Amino acid sequence: MSVTQQEIDQLTKLANEAKEHSYSPYSKFRVGAALLATDGSLYTGCNVENASYGGAICAERTAYVKAVSEGRRHFKAIAVTTDLKKPVSPCGFCRQFMSEFGLDTVIIMKADEGIKIKTIQELLP
């Protein structure tokens, strides 16, 4: 599945905005995500940490949970942004979680020093 430059720009902008809502007092590692459903619906998410580490949730899963809880099951792309200079890929937990909803979903990893675009399939072992 391919994405347009307009979609990339929109998703990375929304992911950066979502990152501003990150609750990450322990790691100080802010992450934002923006998810595009195949019907054009958009969902954002940020990471939310908790003193009980297992209670934390990543930005990518936050966006997916919001979308799925509103009836969406098919996705075109997700953008992920952090405060690091280089693009960061989703963690293994998120990769596995996202694969449940399709292996051809495009992952846009954007940072100040570049952008990487892969499918979920390409990031799985």
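Excluded from the calculations below are hydrogen atoms, water molecules and symmetry mates; all remaining heavy atoms, backbone and side chain alike, are included. Since we're looking at a predicted model, the values are computed, not measured. Index from 1, following the sequence.
Identified under the ring pair (Phe, Tyr, Trp, His ring centres under 6.0 Å) test for residues 2-39, with sequence neighbours left out: none. Pairs engaging residues 7-34 under the salt bridge (charged side-chain N to carboxylate O under 4.0 Å, His left out) rule: Glu7-Lys76, Lys13-Glu17, Lys19-Asp83, Glu20-Arg30, Arg30-Asp83 [sequence neighbours left out]. Residue pairs meeting the salt bridge (charged side-chain N to carboxylate O under 4.0 Å, His left out) criterion with at least one member in residues 62-71, sequence neighbours excluded, do not occur. Residue pairs meeting the salt bridge (charged side-chain N to carboxylate O under 4.0 Å, His left out) criterion with at least one partner in residues 115-125, sequence neighbours excluded, do not occur; the list is empty. Screening residues 46-55 for side-chain hydrogen bond (donor to acceptor under 3.5 Å, both in side chains) gives Ser22-Asn47, Ser27-Glu49 as the qualifying pairs, with residues at least two apart or on separate chains.
Interatomic distance, CD1 of Ile78 versus OG1 of Thr44, reported as 10.0 Å (0.5 Å rounding). Of the inter-residue distances, the one linking Ile57 atom CD1 with Phe93 atom CZ reads 8.0 Å to the nearest 0.5 angstrom.
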Output side-chain donor-acceptor pairs under 3.5 Å for residues 98-113, partner residues at least two apart or in another chain, one line each.
| residue | atom | partner | partner atom | Å |
| --- | --- | --- | --- | --- |
| Ser99 | OG | Gln96 | O | 2.7 |
| Thr105 | OG1 | Phe75 | O | 3.3 |
| Glu113 | OE1 | Lys86 | NZ | 3.3 |

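Ile115 and Leu84 are members of different hydrophobic clusters when ILVMFWY side chains are connected at heavy-atom separations under 4.5 Å. Hydrophobic clustering (ILVMFWY, side-chain heavy atoms < 4.5 Å, transitive): Leu123 and Ile117 are in distinct clusters.
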Check: Run the side chain to side chain contact (heavy atoms under 4.5 Å, CB included) check on Val68 and Tyr43 step by step: do they pass?
Finding: CA-CA 10 Å; Val68 171; Tyr43 300 89; over 6 Å; no
Next item on the list: Apply the test side chain to side chain contact (heavy atoms under 4.5 Å, CB included) to residues Leu35 and Leu42: give CA-CA distance (whole Å), side-chain angles for both, the deciding distance (0.1 Å), then the verdict.
Entry: CA-CA 6 Å; Leu35 178 63; Leu42 292 163; over 6 Å; no
Notebook entry, point to check: Stepwise, does the side chain to side chain contact (heavy atoms under 4.5 Å, CB included) test hold for Leu124 with Ile120?
Noted result: CA-CA 6 Å; Leu124 290 173; Ile120 293 172; 4.1 Å; yes
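Taking 4.5 Å as the limit, every side-chain heavy atom of Cys58 sits out of range of all side-chain heavy atoms of Pro90. In this structure, Leu36 and Val3 have side chains that are not in contact, with every pair of non-hydrogen atoms separated by 4.5 Å or more.
Residues forming a side-chain hydrogen bond (donor to acceptor under 3.5 Å, both in side chains) with Thr62 (at least two apart in sequence, or on another chain): none. The side chain to side chain contact (heavy atoms under 4.5 Å, CB included) check on Ala59 picks up Val31, Ala33, with sequence neighbours excluded. With sequence neighbours excluded, the residues forming a side chain to side chain contact (heavy atoms under 4.5 Å, CB included) with Asp39 are Ala37, Ser41, Arg72, listed by chain and number.
In this structure, Gly45 and Ala18 approach most closely via the heavy-atom pair O-CB, 3.4 Å. Between Gly114 and Pro87, the shortest heavy-atom contact is O-CG, 3.5 Å.
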